Amino acid sequence: MSTTFTLDTSTSRAHPLPEPVRRLTVPAIQARKADGVTAEPVVMLTAYTARMAQLLDPHCDMLLVGDSLGQVIYGLDTTVRVTLDMMIAHGAAVVRGSYRSVVVIDLPFGTYEASAEQAFATAALVLQETGAAAVKMEGGAVLAPTVEFLVKRGIPVVGHVGLTPQAVNALGGYGARGRSAAEAEKIAADARAIAAAGAFALVIEGVVEPLARAITADVGCPTIGIGASPACDGQVLVVDDMLGMFERVPRFVRRFDELAPRISAAAASYAAAVRDRSFPADAELYRPAKKG
Ligand code: KIV
């Protein structure tokens with residue numbers, strides 16, 4: 001007697017059918033700010049996986065594959081050890097999982113700072129391998145010629161000024177920036193230089209409100225704040241912080257859910273069900289099919 005098992009293991013995880021939607025474009029994001037006014041704030045969240053991108057995409061204008069994935073996904077203590085391979089793998093997953101948002105990928109530390117040519121080679125590879133629309137680079141006026149080099153060669157760039165986590169070893173920590181007049185003036189000059197070089201949007205991280213307000217009034221492209229007050233043209237958060245996946249988050253983060261305790265509770269229920277043999281319960285599913 002031969003036995004045929006008919007266990008159906010197919011899933012729709014990889015390719016749920018999307019609604020036919022058109023992806024937003026870099027010029028559309030840039031055009032949100034006209035004559036210094038952004039009528040519709042720019043909504044950005046980080047994403048690192050295809051499934052999370054699927055869930056966030058309908059609600060966002062931009063998805064950032066941030067190098068914060070070093071801490072969030074890989075458990076590294078800083079972003080300094082994030083590699084290009086990590087960014088490309090996660091960037092491609094986020095592009096596959098999104099249909100509407102402009103996907104922006106962080107260039108990791110050490111892959112773009114040496115020269116405009118190095119930055120171009122890295123950014124071109126990132127866009128080719130992932131299908132993303134743009135790259136983000138941390139840094140101020142010193143990086144402006146690099147931004148201009150890339151933009152003039154068809155690579156859209158998002159700037160990132162204020163607290164720049166890749167420079168943690170030089171900054172000595174993650175404290176707010178721009179508290180002294182001199183530091184505030186330097187950050188404002190950095191922002192102006194990066195915007196003038198052609199960045200289509202500018203992340204401002206960890207600065208006091210008057211500085212974020214001044215930069216936002218000063219630059220032609222939309223500013224996207226993180227820990228930089230409501231004075232910016234849009235906001236970005238690390239998605240795992242926003243979802244309440246970590247016990248400790250920066251003070252500026254608002255948790256829009258508390259997923260960590262819910263996931264722990266689900267894992268505990270599953271473990272209990274396996275241990276008391278109440279899962280799996282559906283014996284019918286595992287019955288050998290009758291032949292003929
Ligand atoms: O890496 C990242 O997630 C970022 C955001 C915090 C802006 O750069």
Side-chain angles (χ1 to χ4, degrees), residues 29 41-49 52-53 56 60-84 86-91 93-94 98 101-113 122-123 126 130 132 134-140 143 147 156-168 171 173-177 187 190-191 194 199-207 212 215-216 221-229 232-243 245-246 248-255:
I29 298 293
V42 179
V43 180
M44 190 190 222
L45 277 171
T46 67
Y48 316 108
T49 64
M52 189 59 86
L56 306 179
C60 290
D61 302 313
M62 295 209 268
L63 291 176
L64 171 65
V65 186
D67 61 354
S68 50
L69 63 73
Q71 287 129 321
V72 174
I73 304 283
Y74 290 92
L76 299 173
D77 54 352
T78 72
T79 56
V80 172
R81 287 164 62 199
V82 170
T83 67
L84 195 53
M86 289 177 188
M87 297 310 300
I88 287 175
H90 289 273
V94 168
S98 61
S101 306
V102 171
V103 177
V104 179
I105 303 190
D106 258 339
L107 298 189
F109 178 71
T111 67
Y112 63 96
E113 302 90 333
T122 304
V126 164
T130 64
V135 297
K136 178 165 83 59
M137 292 188 290
E138 295 183 10
L143 217 61
V147 173
V157 176
V158 175
H160 184 153
V161 298
L163 171 59
T164 47
Q166 290 179 9
V168 62
L171 297 174
Y174 296 106
R177 316 301 302 170
I187 294 170
D190 285 341
I194 295 295
F200 75 94
L202 184 65
V203 168
I204 309 177
E205 178 164 357
V207 306
I215 293 172
T216 300
C221 64
T223 59
I224 303 174
I226 175 161
S229 87
C232 301
D233 298 306
Q235 296 292 328
V236 57
L237 280 178
V238 169
V239 66
D240 291 62
D241 289 346
M242 183 281 279
L243 292 174
M245 288 290 284
F246 294 107
R248 285 185 55 219
V249 288
R251 258 194 322 148
F252 60 78
V253 170
R254 191 203 295 179
R255 296 171 205 245

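Just so you know, these numbers come straight off a predicted model, no measurement behind them. Only heavy atoms go into these numbers, but all of them, side chains included; no hydrogens, no water, no symmetry mates. When a ligand or atom number is given, it counts from 1 through the structure's own listing order.
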Response to the item:
So the salt bridge (charged side-chain N to carboxylate O under 4.0 Å, His left out) pairs with at least one residue in residues 64-76 (sequence neighbours excluded) are none
Discussion item. Main chain of Val161, side chain of Thr164: is a donor-acceptor contact present, judged purely on distance under 3.5 Å?
Written reply: no
Fill in: ring pair (Phe, Tyr, Trp, His ring centres under 6.0 Å) partners for Tyr174, two or more places apart
none
Worksheet item: If only atom types and distance count, is the side chain of Glu113 paired as donor or acceptor with the main-chain N or O of Glu138 below 3.5 Å?
Response: no
Discussion item. I'd like to know if the side chain of Thr216 pairs up with that of Thr223 as donor and acceptor (distance under 3.5 Å, no hydrogens or angles considered).
Written reply: yes
Item to complete: Please name all residues satisfying side-chain hydrogen bond (donor to acceptor under 3.5 Å, both in side chains) with His160, sequence neighbours left out, ordered by chain then number.
Response: Lys136, Glu205
Any protein N/O atoms within less than 3.5 Å of an N/O atom in ligand 1? List the atom names and distances, or say none.
unit_1	atom_1	unit_2	atom_2	d
ligand 1	1 (O)	Asp67	N	3.1
ligand 1	1 (O)	Asp67	OD1	3.0
ligand 1	1 (O)	Ser68	N	3.0
ligand 1	1 (O)	Ser68	OG	3.3
ligand 1	1 (O)	Asp106	OD2	3.1
ligand 1	3 (O)	Ser68	OG	2.5
ligand 1	8 (O)	Lys136	NZ	2.9

